[in-house]
Amino acid sequence: NYHSMLPALGWITYSILYQVLSATVYCTLVPNILAAEYDNASSLYASMNLTTTILSMLTMTVLGCIADQFGLQKHAQLLNQYIGIALSFAIYAIFELNISSQVKLVLLQFAYIVGIYCLRTGIMHNNAVLTCFPKEKRVMISSLSNFGGFAVTLGCLVVLTFLGDRLPQTTWILVFCVLMTGVSVLSLWEPNPPPPSQRAIRLNRTALNDDDDMVGSPSSSLKYGHESYPLIGGASPSSNAAAVKASLMTLVDAVRLVPSDLQHRRAFYILIMYAFYNASGCAFVVYVCQYFLDAYGLSFSQVSAVNLGYNVAILVGSLIGLVVDKVASSFTRVPNAVDILAVEEGDGVSRSEVISLMVNNILFLVAPVGMYISVHHPYPHSEYVAFLCAFALGVLYGWLFPLIRAVLTKVMPQDKAGAFIALFTTFSYIGLFMLSFAYKIAMDLGYNADILPL
């Protein structure tokens with residue numbers, strides 16, 4: 001059905017936009033250009049990512065809760081999306097400016113930090129929109145989003161690998177920014193979660209149905225991406241202030257009830273698991289190019305090829321996740337499948353999903369150890385083993401992220417969906433902060449990125 005597919009396509013679009021800009025502009029082109037212009041490029045790049053991570057960790061939880069309380073998740077995503085695109089254009093312009101290297105560096109750091117911060121904030125709001133879709137479809141839609149994002153990114157990296165020398169690297173930044181600006185229009189069709197005051201809590205609710213909208217109110221206009229909001233426009237300042245206070249209290253309650261409430265505790269287990277996963281998964285996405293640059297002194301085309309291989313691995317992982325979900329959906333969902341998550345009937349969480357989460361987290365420890373040994377204790381063809389370990393990390397990343405995101409939306413208390421999605425993003429940056437901080441200290445002590453897996 002054309003109308004039922006549009007919201008999902010709109011939601012998936014942002015994942016494509018984020019992955020392409022992150023992998024090409026922020027994780028491949030910028031570090032390579034920095035390495036050519038500045039002697040301390042590794043330290044500069046680590047500092048910029050650490051600063052962005054700290055900002056994300058300290059602010060995103062509150063911003064996510066406020067956006068949820070006002071019913072503005074989609075609009076907040078669009079705002080951050082276009083600020084991020086604009087600052088990506090600014091990075092191109094800064095590199096082209098004929099000014100002193102010191103002034104250029106200051107401008108570049110500002111554009112990079114704020115640009116990637118806004119794009120990451122957009123991902124938080126995008127994750128919250130996943131709750132609009134039926135529970136039984138969330139793993140599939142989440143996996144399709146991951147697959148689509150990395151498939152398009154893979155195509156862009158193929159172009160960089162084989163045609164990268166045809167144009168200056170700064171021109172490639174402009175090319176990808178223009179491309180993603182055009183793609184971004186599709187995100188206007190994604191749905192928007194209603195605020196808590198209008199949220200209907202039903203286990204198997206059908207999102208965006210012609211006969212019954214998501215909000216569950218005949219007067220609502222929440223269909224096919226058209227929203228109406230109870231606050232902000234036309235509301236008194238006191239109403240807006242009360243809503244902000246309510247959003248913060250929702251966040252406090254989400255944390256306060258963890259020790260005493262089973263449903264809150266289950267969701268918190270998922271968040272802890274995600275923090276550990278993200279430390280080795282998402283963090284390595286950020287530093288994969290810098291790692292192989294420092295460990296083996298690769299050329300630009302070789303680094304692009306490594307990044308290409310890593311994204312192939314993520315694509316393979318996304319496909320594995322889709323296949324596992326399809327196969328597992330044919331079996332009966334078993335309540336209390338694994339005691340540690342206390343899965344209950346109605347959550348829609350299968351035994352295969354829970355076991356996949358546990359196994360993947362264990363493997364996320366093994367792969368970096370293999371990389372570290374291959375670099376610091378070389379043996380014949382050890383560089384290929386290092387790349388295979390990186391490939392394994394990519395497969396696990398592509399498989400686990402959409403799964404863990406979908407499982408969280410199933411087990412979390414639905415009346416605190418915005419708070420837990422915001423905490424989900426915060427925990428991801430806690431993991432990223434742990435690695436980024438250690439990496440920055442290592443750079444200051446004179447180590448290279450080859451210490452990253454440790």
Item to complete: For Asn49 and Tyr26, test the side chains for any donor-to-acceptor distance below 3.5 angstrom and give the result as yes or no.
Response: no
Item to complete: Could you pull out the closest heavy-atom pair between Thr170 and Glu96, with the gap in Å?
Response: OG1-OE2, 2.7 Å
Fill in: Flag side-chain contact, heavy atom, 4.5 Å: Val178 against Phe89
yes
Worksheet entry | Any side-chain heavy-atom pair of His264 and Asp253 under 4.5 Å | no
Worksheet item: How far does CD1 of Ile320 sit from CG of Leu400, to the nearest 0.5 angstrom?
Response: 12.0 Å
Item to complete: Could you tell me whether the side chain of Val129 reaches within less than 4.5 Å of the side chain of Pro193, counting heavy atoms only?
Response: yes
Worksheet item: Are Met60 and Tyr117 side-chain neighbours, meaning at least one heavy-atom pair lies under 4.5 Å?
Response: yes
Item to complete: Supply the atom-to-atom distance Thr13 OG1 to Met180 CE, rounded to the nearest 0.5 angstrom.
Response: 10.0 Å
Practice prompt. Measure across Gly122 and Gln77 and return the closest heavy-atom pair with its distance rounded to 0.1 Å.
Written response: O-CG, 3.6 Å
Fill in: Residue pair Pro259 / Val255: nearest heavy atoms and the distance that separates them
CD-O, 3.9 Å
Worksheet item: Any side-chain heavy atom of Leu393 within less than 4.5 Å of one from Pro368?
Response: yes
Practice prompt. Report, as yes or no, whether the 6.0 Å neighbourhood of atom CZ on Phe110 holds more than 12 heavy atoms from other residues, nucleotides or ligands.
Written response: no
Worksheet item: Distance from Thr28 atom OG1 to Phe176 atom CZ, nearest 0.5 Å?
Response: 8.5 Å
Discussion item. Pair Leu108, Leu34 - check side chain to side chain contact (heavy atoms under 4.5 Å, CB included), show working.
Written reply: CA-CA 10 Å; Leu108 177 65; Leu34 280 176; 3.6 Å; yes
Worksheet entry | Inter-residue atom distance Ile85.CD1 - Cys118.SG, 0.5 Å rounding | 11.0 Å
Discussion item. To the nearest 0.5 Å, what is the distance between CD on Gln81 and OH on Tyr18?
Written reply: 13.5 Å
Worksheet entry | Residue pair Cys132 / Asn192: nearest heavy atoms and the distance that separates them | SG-C, 3.7 Å
Worksheet item: How about Leu17 and Leu119: do any of their side-chain heavy atoms sit closer than 4.5 Å?
Response: yes
Worksheet entry | Residue pair Ile421, Thr409: steps toward the side chain to side chain contact (heavy atoms under 4.5 Å, CB included) verdict | CA-CA 8 Å; Ile421 289 295; Thr409 65; 4.1 Å; yes
Fill in: Closest non-hydrogen atom pair between Met412 and Phe420, with its separation
SD-CB, 3.7 Å
Worksheet item: Does the side chain of Leu257 come within less than 4.5 Å of Lys416's, by heavy atoms?
Response: yes
Fill in: Rounded distance (nearest 0.5 Å) linking atom OH of Tyr45 with atom CG of Asn32
9.5 Å
Practice prompt. Please step through side chain to side chain contact (heavy atoms under 4.5 Å, CB included) for the pair Leu179 and Val175, ending with a clear verdict.
Written response: CA-CA 6 Å; Leu179 177 64; Val175 169; 5.5 Å; no
Worksheet item: Can you tell me if Asn126 uses its side chain to pair, donor with acceptor, with the backbone of Trp11 under 3.5 Å?
Response: yes
Worksheet item: Taking side chain as C-beta onward, heavy atoms only, is Trp172 less than 4.5 Å from Leu163?
Response: yes
Fill in: Considering all heavy atoms, the nearest Met371-Ala390 contact
SD-N, 3.9 Å
